[in-house]
A.B. asks: 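Okay, handing you the structure first.
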Amino acid sequence: MAAEHESFQLELRPAAVVGLEEIIDLDQRSFAMPWSWQMFIDELSGDDKRLYGVFPSNPDMSPLLLGFVCFHHCLDEATLLRIAVHPDKKRKGIASFLIREMMVLLKDKGVKKIFLEVGISNHAARRLYRSFDFQLIGRRPEYYSGTREDALIMKAML
Ligand SMILES: CC(C)(COP(=O)(O)OP(=O)(O)OC[C@H]1O[C@@H](n2cnc3c(N)ncnc32)[C@H](O)[C@@H]1OP(=O)(O)O)[C@@H](O)C(=O)NCCC(=O)NCCS
């Protein structure tokens, strides 16, 4: 899957054990509570689990990982579990590309609703999700064990 994006193109690729280090490294740079190797391995198996990396598809650009997205789906519902973009590549529409592609894949699977949780202080992610019509539907007090920050629950209809 490829899409035109400003001066470069983006390509979504399913993650595999080979190359997982790059995703784990980006996860550690992106989250206060990173996932373990085993948690990522678990995401690679099962019909309902999806983990994708996004890379530049232009042959003249470095083939480094730009971001990743992880989500689950079951019947007509899905959950966005994780999304991150390389710190040097933010605000270039990469997360938006990942969400758009996720939505296309989920629509094909018959999914109608997507849920997610986001830290209340994560204004970048909240704004990103709002731009895809995710609506606030609930709040989990002190949800994140490390920071004890509240999580907001958001939902979008496909
Ligand atoms: C949140 C994150 C995934 C956004 O990735 P990104 O590729 O920079 O996002 P995009 O370029 O697609 O941004 C789309 C829109 O989201 C909003 N947004 C993104 N980053 C923002 C920021 N730092 N401040 C305010 N709004 C922001 C804007 O509305 C933006 O549109 P604009 O650039 O035209 O104003 C990225 O900052 C990240 O990896 N954060 C760390 C991991 C994380 O918090 N993940 C979410 C967990 S719930």
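Since the structure is predicted, the reported quantities are computational estimates derived from the model, not experimental observations. Indexing begins at 1, ligand by ligand and atom by atom, following the structure's order.
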A.B. asks: Side chains of E101 and Y52: any donor to acceptor distance under 3.5 Å?
C.D. replies: no
A.B. asks: Atoms of ligand 1 less than 4.0 Å from I94 heavy atoms?
C.D. replies: 7 (O), 12 (O)
A.B. asks: Considering both backbone and side-chain atoms of A84, is one of its nitrogen or oxygen atoms within less than 3.5 Å of a nitrogen or oxygen in ligand 1?
C.D. replies: no
A.B. asks: Regarding ligand 1, does V118 bring an N or O atom to under 3.5 Å of one of the ligand's N or O atoms?
C.D. replies: no
A.B. asks: Closest non-hydrogen protein atom to atom 23 (N) of ligand 1, residue and atom name please, with distance?
C.D. replies: A124 CB, 3.5 Å
A.B. asks: For atom 34 (O) of ligand 1, decide whether some protein heavy-atom distance is shorter than 4.0 Å.
C.D. replies: no
A.B. asks: Under 3.5 Å between some N or O of ligand 1 and some N or O of H123?
C.D. replies: no
A.B. asks: I need the nearest protein heavy-atom contact for atom 40 (N) of ligand 1: residue, atom name and distance, please.
C.D. replies: K90 NZ, 3.7 Å
A.B. asks: For G93 and ligand 1, answer yes if some heavy atom of the residue is under 4.0 Å from a ligand atom, otherwise no.
C.D. replies: yes
A.B. asks: Atoms of ligand 1 less than 4.0 Å from F31 heavy atoms?
C.D. replies: 42 (C), 43 (C), 45 (N), 47 (C)
A.B. asks: Based purely on interatomic distance, does K92 place a nitrogen or oxygen under 3.5 Å from a nitrogen or oxygen of ligand 1?
C.D. replies: yes
A.B. asks: So for R91, does at least one of its heavy atoms come nearer than 4.0 angstrom to any atom of ligand 1?
C.D. replies: yes
A.B. asks: Give the residue, atom name and distance (to 0.1 Å) of the protein heavy atom nearest atom 16 (O) of ligand 1.
C.D. replies: L128 CA, 3.3 Å
